[in-house]
Amino acid sequence: MPRADVLVASNRGPVSFRLGDDGGLTLSRGGGGLVSGVSTAARDGLSVWVCAALSDADRLAAAAAPGGRLDLAGHDTGGAAVRMLPIDESTFRSAYNAVANSTIWYVNHTLFDTPRTPVFDARWARYWQAYVDYNRAFAAALAEEAADGAKVLVQDYHLMLVPRMVRELRPDLRIGHFTHTPWAEPSYFSLLPDDIAAAILTGMLGADSVGFLSPRWAEAFVRCCVRLLGADAGGGNVHLGNRSTSVRVHPLGVDAEELRERVSRPDVGLRRDALRQRIGDRRVIVRVDRTELSKNIVRGLAAYRELLRTHPEHRGNVMHVVFAYPSRHDLPDYRAYTAEVQRLAREIDDEFAGNGWSPLLLEVNDDYARSLAALQLAEVLVVNPLRDGMNLVAKEGPVLSENGVALVLSREAGAADEFGADALTVNPFDVSGTARAMHEALLMDPAERRRRSERLARAATALPPTAWFAAQLAALD
Ligand code: F6P
């Protein structure tokens, strides 16, 4: 098999498998911001994409693949070969659930309930060992697949030890790492045990270049390196020992053409008609999220309740469409959070519904076409995460909106850096402030709303995935 000149590594890959009743495997596309960003960009020269098997069906497919590369004939992966790693289930679960999603994700999104969590004990140390092994499996596959002097782009918080591991195996390679999450300030990052914090930072500094979605996250990373490792920083680089790593910001936008092509398909049209019928001639406030703690859905609903309480004139005239599709349901916190979202939605309905009007439409199953249809119809879009690396829904909304959308946006989302005064920015903890912003958005003059929405759409598409990917590659030259 020819070795690759450009490689990407990420936990979730562009495809996943399902085991049918007949024992056969069926294939579908992977989801999420990272996957769609890299997939769109993959047409531009990516040769091998290394990812993990995430389920039993994936493990079966991966174990059966000759040389580890999947046979994807007939499926569009942008031309890249996919090497799916059949990491054993217990190692994978410990690395993904306990370390990546319950520790590092929580650190970078500042999600801990500190009187109770985190707890770093002997059990957690075993989980960490699994994270090290899982990172090592990626490093070994990359070292095996890469041609001399190849460029390797390692993605996200699951794989923070990989750059240093790859450098040790293959010093000839050019290595980049890109973080899709925010980054914590040193005071919060140092909740991690000192040796773990140091392993993560030095793991990433094994790269020639590390990238972030916003200057805020890049600066926090540099501060962590200086404060916790004693590194030197200057001129956009971090220096540690005899090595320098450049720290770059590569914002990720959306591909307008691809989005518009997608919404022109009949499945989206059907859902748009059904939603229109359900909403009638009411004003519509939309949100679309993974049911994810950092997305702050509960405070968003509380703000909508406060809007209806303090502005009775909106009752009967507005509908809140909330699509909160499932995510990480192996984690008890996430299951409990979904239940809390459903409970609060019921309470709002009990308090206000009447005369044939329901204030809220909540769906918790995943339907991408329906989400796109809702974004087309939105007059107000609420994106109020506690912290978010970027948030692509905030970018898709203005691009797709039919009549212009007023964006209520958390100042803690990376997207807020690029949108300036065209969004109505809120403090995500401030429920009353968010309710006021929703009210202001509903009152906004339609012409003004359209003008702002057009400017938002321009900003959202300024750096599409192809430019983002090219920037990561160029940072290695
Ligand atoms: O960094 C964020 C991210 O990798 C996104 O790209 C994606 O939406 C999300 O996390 C996916 O998480 P998971 O793969 O656990 O579903």
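Computed from heavy atoms alone, side chains included, the values below leave out hydrogens, waters and symmetry copies. On a predicted model such as this, the values are computed, not experimentally measured, just so you know. Whatever order the structure lists ligands and atoms in, that order sets their numbers, starting from 1.
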Output yes when the distance from some N or O of ligand 1 to some N or O of N11 is under 3.5 Å, and no in every other case. no
Report yes if some N/O of S327 lies less than 3.5 Å from some N/O of ligand 1; otherwise report no. no
Option from K151, R164, R167 for which salt bridge (charged side-chain N to carboxylate O under 4.0 Å, His left out) with D208 holds: R167
Check this for me: does any side-chain nitrogen of one of D88 and R59 sit under 4.0 Å from a carboxylate oxygen of the other? no
Ligand 1 N/O within reach of W105 N/O, cut-off under 3.5 Å: no
Option set R328, M390, H109, H158, criterion heavy-atom distance to atom 10 (O) of ligand 1, minimum: R328
Output all residues satisfying side-chain contact (heavy atoms from CB on, under 4.5 Å) with F429, sequence neighbours left out; order by chain, then residue number. R299, L386, N427
Atoms of ligand 1 less than 4.0 Å from R290 heavy atoms? 8 (O), 9 (C)
Subset of ligand 1 atoms that lie under 4.0 Å from at least one heavy atom of D156: 1 (O), 2 (C), 3 (C), 4 (O)
Would one find an N or O of R12, backbone or side chain, under 3.5 Å from an N or O of ligand 1? yes
Proximity to ligand 1 by part of V35, non-hydrogen separation under 4.0 Å: neither
Applying side-chain contact (heavy atoms from CB on, under 4.5 Å) to S244 and not counting sequence neighbours gives H239
Would Y127 and Y131 count as a ring pair (Phe, Tyr, Trp, His ring centres under 6.0 Å) if you check the C-alpha gap in whole Å, the side-chain angles of each, and the deciding distance to 0.1 Å? CA-CA 6 Å; Y127 296 147; Y131 182 81; over 10 Å; no
Just do the ring pair (Phe, Tyr, Trp, His ring centres under 6.0 Å) check on W128 and F120 with the steps written out, would you? CA-CA 10 Å; W128 174 256; F120 297 105; 9.5 Å; no
Which of the numbered atoms in ligand 1 are below 4.0 angstrom from a heavy atom of Y96? 13 (P), 14 (O), 15 (O), 16 (O)
Charged N to carboxylate O under 4.0 angstrom, R262 versus E258? no
Is the shortest distance from a heavy atom of Q155 to ligand 1 less than 4.0 Å? no
